[in-house]
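Since the structure comes first, as structure tokens, the remarks are kept for the end.
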Amino acid sequence: MKILGVGSGAREHAIAKKLSESRYNPKIYWVGENRNPGILRICERSEGEFIQGSTTDPEFVGSTAKRLGVDFVFVGPEEPNFHGVPDRLEALKIPCIGANRSVALIEMSKAEMRRLQWEYDVPGKLLFQTFKSAEEAYATLQRYSETLTWLQNVALKPARQAGGKGVKVVEDRQIYLHEEKQRFKSKHVGWLEGYMRGYGDIEDKILVEENVWGPEYTLQCFTDGKTVLGMPMVQDNKNAHEFDIGTETGGMGSISGPDMCLPFLTMSEYEASLRIVEKMVSAIQDKTGKRYHGVVAGQMMLTEVEGPTIIEMYSRLGDPEALNVLHTLKNDLVDVCLAIIDERLSGVRLEFGNKAVVVKAIAPKGYPDNRRLAAGHPVEVDEARIAEGGCELFWASCSLQEDGRIVSAGSRLVEILAADETLPEASARIEKVISAVRLADGWGLFHRSDIGSEELLKRRAELAERVRRLYHYRLEKGTIGKRVDWLPGVGKVDPVKMLKEGLRR
Amino acid sequence: MPGIMGFYPFGEGRENWDASRFLYYGLTALQGRGEACTSIALIDNESKQISVHTKNSHVEEFYKLLSGNKVRGYIGVGQVSPSEDDGLVEVESPTRLVLAGDGKPSYEGERGEAFRRLAERLSTLLAEKNDPLDAAAQVISEAGVGFSFIALTENEEMICCRDPLGVKPLEVGAVGFDLGIVSSESAALDVVGATHSGPIQAGECVVFDPLSIRRRKQGISNRRAYCAFEYVYLARADSYINDIPIYAVRERIGEVLAEEKDVEGDVVIGVPETALPFALSYSRKKSIPVKLGFMRTGRHVRSALKPTQFERLMGVQLKLNPIKAAIDSKDIVLIDDSVVRGNTLKNTVLNLRRRGAKRVHVRVGSPAIISHCPFGTEVPPIDELIGRALSEDEIAEIIGADSFSYLSIDGLVKAIGLPKHMLCLGCFTGEYPSKEEVR
């Protein structure tokens, strides 16, 4: 058997590893922008091949797959989906685990995702509005700042998935800091407009959503378009720095287990979240008439107004969340892939081990805002020490040079995984081997020591409990999902109704 | 025991934030810790230079005095202090830095002098060592016990440290994907809309730079010396210090007071503001109704901390006008937070009697203050401390109360809920944690 993988991050390293462990003993071929040393090694060992090249060029990936005569292709990241790599493979009659361009829209356009959710009335919605320019956005934020509450407390996002960049949350609840927040909002919508000029594939530019608070989690699922199979819940940590401070990143580390559920969430929240993802899959298939083959994930939050709520959708495994679930997945990943291809996932039972898993990313200083600073540094890793510490290394954004040196490519450098009885034990295990990774030129690295710690878990649990109390109360009262507001001089208004009327127009 | 705060933005557009607005409201929230001197330092958005502003005034007046000057910057630290001329410490070279400090490190000299030595040492170490985290860790290991500080360097590093026994508090919060805020008390984080992430640990240093936050904790024993006076008096009731909610401690203090020295009365009255939670839970425990006994006039002034006798008396008279209708012909259990010299309390009891109180039993929510504080909390000279000189019965006689009693030291420890080896009870016992206990 021959399998071709696409992408060259830590997620893809984890996928390649899992595929290579299959009882089919497949030859692993891979296409990636960076020569990821981990994937390279797996290709070599399985007598496959690593081919450096563009992962977003459907012609290139398609012709490579055809030339190699692979049995199927596994697409790791989202951008190949957005660029129609799975579509091209389908045209070539090569089976593919990867959302085609049409269904991947639920990730590519955060605005379209939200419209679809409202249109199909999938639970876990947020109020939103989209704009084509900064001027337009600012006019609305300005106009409503004295009135509609939700437009004062907002998340400002690029309307397109843009590698987790550019999201700002501005809560404007302290009237004495209003001017300051307002000024910041106006600057940021201007920045978003400029940033989105780099993406011509979508009409909406700026997305404004109501701000919510609560614990976040990712529910990743396999789907063949008919059946959606959930994996264990994972919590990623998006803030770049310790104490949950700082810039949004692709994810600085993730925790999962020991069960399907995170320690601070409940099984009924798991079930409700899975229903939401299922509904989104059937909505996008209904809307586009296309089949969804691959991975779908809800990046979710437990919120006061809605309970389990969609923040964003993924059309692929999360990174680093993929590492958590693939580590504990007991099934042969190739079997799962074949079931997706043949659309017989309903007959598959996913099984997972019961270890607590922590993954931590290590990034060069400069990530995520100034990737040029983060790139080009020679990497030194004491792999033996990491293995002796009971941890597993996954190579991420770095490239093996011709001369045998490994050089950083600007994003998260490596991810380290540890599994143990409890999350704090797994976290402590990683902390002991962190210094095994360094940059030979002395440039700084950073990671989050607090991920998986007792301290952080306690705060997450406390936060979840507070939100749970509120949304359960709403469930009892029958006010879940309802918003009401008062516009002085206008009267009582229903922001949900206003939004729906806007969508009909 | 000044209040200190640091403001540090991250990410795209970080230069767009104005730290001075956040410091204004944050420092205002910390003003219970001192208001004789306000001092802030800001890093200018364009020149990247640090400017420092210090005035002997409270925060509101400070900003009024400053208006017209250019006080803008995207990174900043600030300090409010109970003593005049006690502003941020500035060091020019080898590394230019400013430092806001609470408590007092174990260097020679007064508080300001000791922090100056610490700041100079930090400046030197920063120049010598490659990594500011190494410099910060070294300073922590050299400077003894009894301090927290936030230093801001010309290289846009914000260095936050707590001494190895954690005497003085330092809490961290976050705003959205942008801001990191460090403050003496969590209440100041609430006021500026930050989410409280938790305390910096005893012996921990945290270094903010434009591209990262890194922290290091020294290997230390289980010994802590969290200041017990924070829980009784210094911190705001809406703060968490070392993960312990101040309000809950104060409620328990009221309960313990009610258990320790039995007394009958018609009404429980708390001396505003600090003693109010004591009074509420005392009342609940004893099933004696609590009433509002006093109305305040003018700004909230913390009477125990005022430097001169005259100001103290003026402060208390302006502050506390008894409500006659609540106390007339009643037996009163009067709850106060602490007694330093006893003269404000004497005045209060007299005022209650004049408004018709029959009996006045005084209960104090902290043990007798008998000794100084080596960590910079302003305690008058020991010969002025009434609790050191006199017994409870003698104090009752002098202040004109029918009975008088303190909370016991064990009662305080029980109310805080931590074992004794985690607290500094020095002002109540005269025994202080020392740097020898660090290892």
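In what follows, chains carry the letters A, B, and so on, assigned in the order in which the sequence lines appear, proteins first and then strands, with residues in each chain numbered from 1.
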Segment of E15(B) engaging chain A (4.5 angstrom heavy-atom cut-off):
neither
Residues 447-466 of chain A: residues contacting chain B (heavy atom under 4.5 Å, by number):
S449(A), D450(A), E455(A), K458(A), R459(A)
Best-contacting candidate, A363(A), P368(A), G166(A), G366(A), against chain B by heavy atom pairs under 4.5 angstrom
G366(A)
Residue among L373(A), D369(A), N370(A) with most heavy-atom pairs under 4.5 Å to chain B:
D369(A)
Heaviest contributor of heavy-atom pairs below 4.5 Å to chain A, chosen from A194(B), G176(B), P210(B), G198(B), is G198(B)
Is it the backbone or the side chain of F184(A) that comes under 4.5 Å from a heavy atom of chain B, or both, or neither?
side chain
For residues F208(B) and E157(B), determine if any side-chain heavy atom of one lies less than 4.5 Å from a side-chain heavy atom of the other.
no
Any side-chain heavy-atom pair of I50(B) and L42(B) under 4.5 Å
no
For each of I245(A), V169(A), V170(A), tally heavy-atom pairs with chain B at distances under 4.5 Å, and name the one with the top tally.
I245(A)
When only pairs under 4.5 Å are counted, which of K181(A), Q174(A), R173(A) shares the most heavy-atom pairs with chain B?
Q174(A)
Any salt bridge between D163(B) and K168(B), counting N to O under 4.0 Å?
no
Looking at K187(A), H188(A), E180(A), which makes the most heavy-atom pairs under 4.5 Å with chain B?
E180(A)
With a 4.5 angstrom heavy-atom cut-off, which part of D209(B) approaches chain A: side chain, backbone, both or neither?
side chain
Any heavy-atom pair between the side chains of W213(A) and V467(A) that's under 4.5 Å?
yes
State whether E209(A) and K110(A) are salt-bridged, where the test is any N-O pair (Lys NZ or Arg NE/NH1/NH2 against Asp/Glu carboxylate O) under 4.0 Å.
no
For R21(B), which atoms come within 4.5 Å of any heavy atom of chain A: side chain, backbone, both, or neither?
both
Side chains of Q235(A) and E216(A): is there a donor and an acceptor less than 3.5 Å apart?
no
Give, as side chain, backbone, both or neither, the part of N130(B) having an atom under 4.5 angstrom from any heavy atom of chain A.
neither
Close side-chain approach of T249(A) and N239(A), heavy atoms under 4.5 Å
no
